[in-house]
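As structure tokens, the structure follows; a few thoughts come after it.
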Amino acid sequence: MAITVDDCRLVELPKVQDNRGNLTFIEGKRHIPFEIKRVYYLYDVPGGAFRGGHGHRELQEFIIAMSGSFTVVIDDGRSKRKFPLNRSYFGLYVPTTLWRELEDFSSGAVCTVLASTPYNEADYIRDYREFLEFRNRDVRSVS
Ligand code: TYD
């Protein structure tokens, strides 16, 4: 079966509560189904800006609203699903081959992304029509 929007998962992360402040941790292959090869974050996003707007051939990601809030829109070429994120102990697992857009950033929002591969521009599909062709041709299965 091809990977679809329904294969995205909201994951509740461990939270160590303490009156000195809470602590959350993430281990690759334990809380998320891949080894973490890269971390990047979006911050100082102006109101009304959109980020993302691409698909990936191989990359898997785990997206966390470290601070503030934003919405991740996932598209498999047939269906779209919106995932509002606003807690630092929840993350969204995004398997490969899906188109993503990020919108509705609150002021001060920080979007941290854990990625399964180092940065590789060749893995991006930045043209939506090309993405649809890729989806029709290369419908990867859920492993
Ligand atoms: P891009 O992935 O298009 O941003 P968005 O978060 O909106 O999807 O990346 C924007 C620019 O940053 C692009 O020129 C590539 C560069 N970049 C890196 O050099 N390394 C990275 O790990 C990432 C994610 C982006």
Going from [atom1] on [X] to [atom2] on [Y], what distance comes out if it is rounded to the nearest 0.5 angstrom?
{"X": "Arg9", "Y": "Phe83", "atom1": "CZ", "atom2": "CZ", "answer": "11.0 Å"}
{"X": "His56", "Y": "Leu98", "atom1": "NE2", "atom2": "CG", "answer": "10.5 Å"}
{"X": "Thr24", "Y": "Ile64", "atom1": "OG1", "atom2": "CD1", "answer": "9.0 Å"}
{"X": "Leu102", "Y": "Phe50", "atom1": "CG", "atom2": "CZ", "answer": "10.5 Å"}
{"X": "Phe25", "Y": "Leu13", "atom1": "CZ", "atom2": "CG", "answer": "9.0 Å"}
{"X": "Tyr41", "Y": "Cys111", "atom1": "OH", "atom2": "SG", "answer": "12.5 Å"}

Between [X] (side chain only) and [Y] (backbone N and O only), is there a donor and an acceptor less than 3.5 Å apart?
{"X": "Arg100", "Y": "Gly55", "answer": "no"}
{"X": "Arg38", "Y": "Ile36", "answer": "no"}
{"X": "Asn22", "Y": "Lys15", "answer": "no"}
{"X": "Thr117", "Y": "Leu59", "answer": "no"}
{"X": "Asp104", "Y": "Thr71", "answer": "no"}
{"X": "Asp7", "Y": "Thr4", "answer": "yes"}
{"X": "Asp123", "Y": "Glu58", "answer": "yes"}
{"X": "Ser116", "Y": "Gln60", "answer": "yes"}

Determine, for [X] against [Y], whether the closest basic-nitrogen to carboxylate-oxygen distance falls under 4.0 angstrom.
{"X": "Arg57", "Y": "Glu130", "answer": "yes"}
{"X": "Asp6", "Y": "Arg81", "answer": "yes"}
{"X": "Arg20", "Y": "Asp18", "answer": "yes"}

**OP:** On the 0 to 90° scale, with breaks at 30° and 60°, tag the Trp99-Tyr128 ring pair as parallel, tilted or perpendicular.
**Re:**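 Taking Tyr128 first and then Trp99, their aromatic rings stand perpendicular (interplane angle over 60°).
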Subject >> same_hphob_cluster(Val113, Leu42) at 4.5 Å side-chain heavy-atom cutoff >> reply: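 Same cluster.
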May I ask you to check whether [X] and [Y] show a side-chain donor-acceptor distance below 3.5 Å?
{"X": "Glu61", "Y": "Tyr40", "value": "yes"}
{"X": "Thr97", "Y": "Arg135", "value": "yes"}
{"X": "Glu12", "Y": "Tyr89", "value": "no"}
{"X": "Tyr119", "Y": "Glu121", "value": "yes"}

Quick check: closest heavy atoms across [X] and [Y], and the distance to 0.1 Å?
{"X": "Tyr43", "Y": "Val110", "value": "CB-CG2, 4.3 Å"}
{"X": "Ser79", "Y": "Asp76", "value": "N-OD1, 2.7 Å"}
{"X": "Pro84", "Y": "Lys82", "value": "CD-O, 3.6 Å"}
{"X": "Ala115", "Y": "Phe34", "value": "C-CE1, 3.6 Å"}

Subject >> Phe62 and its side-chain contact (heavy atoms from CB on, under 4.5 Å) partner, picked from Ile26, Val94, Val39, Thr112 >> reply: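 Testing Phe62 for a side-chain contact (heavy atoms from CB on, under 4.5 Å) against Ile26, Val94, Val39, Thr112 leaves exactly one candidate, Ile26.
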**OP:** State whether the number of non-hydrogen atoms from other residues, nucleotides or ligands found under 6.0 Å of Arg129 atom CZ is greater than 12.
**Re:**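 No, the 6.0 Å shell around CZ holds no more than 12 heavy atoms from other groups.
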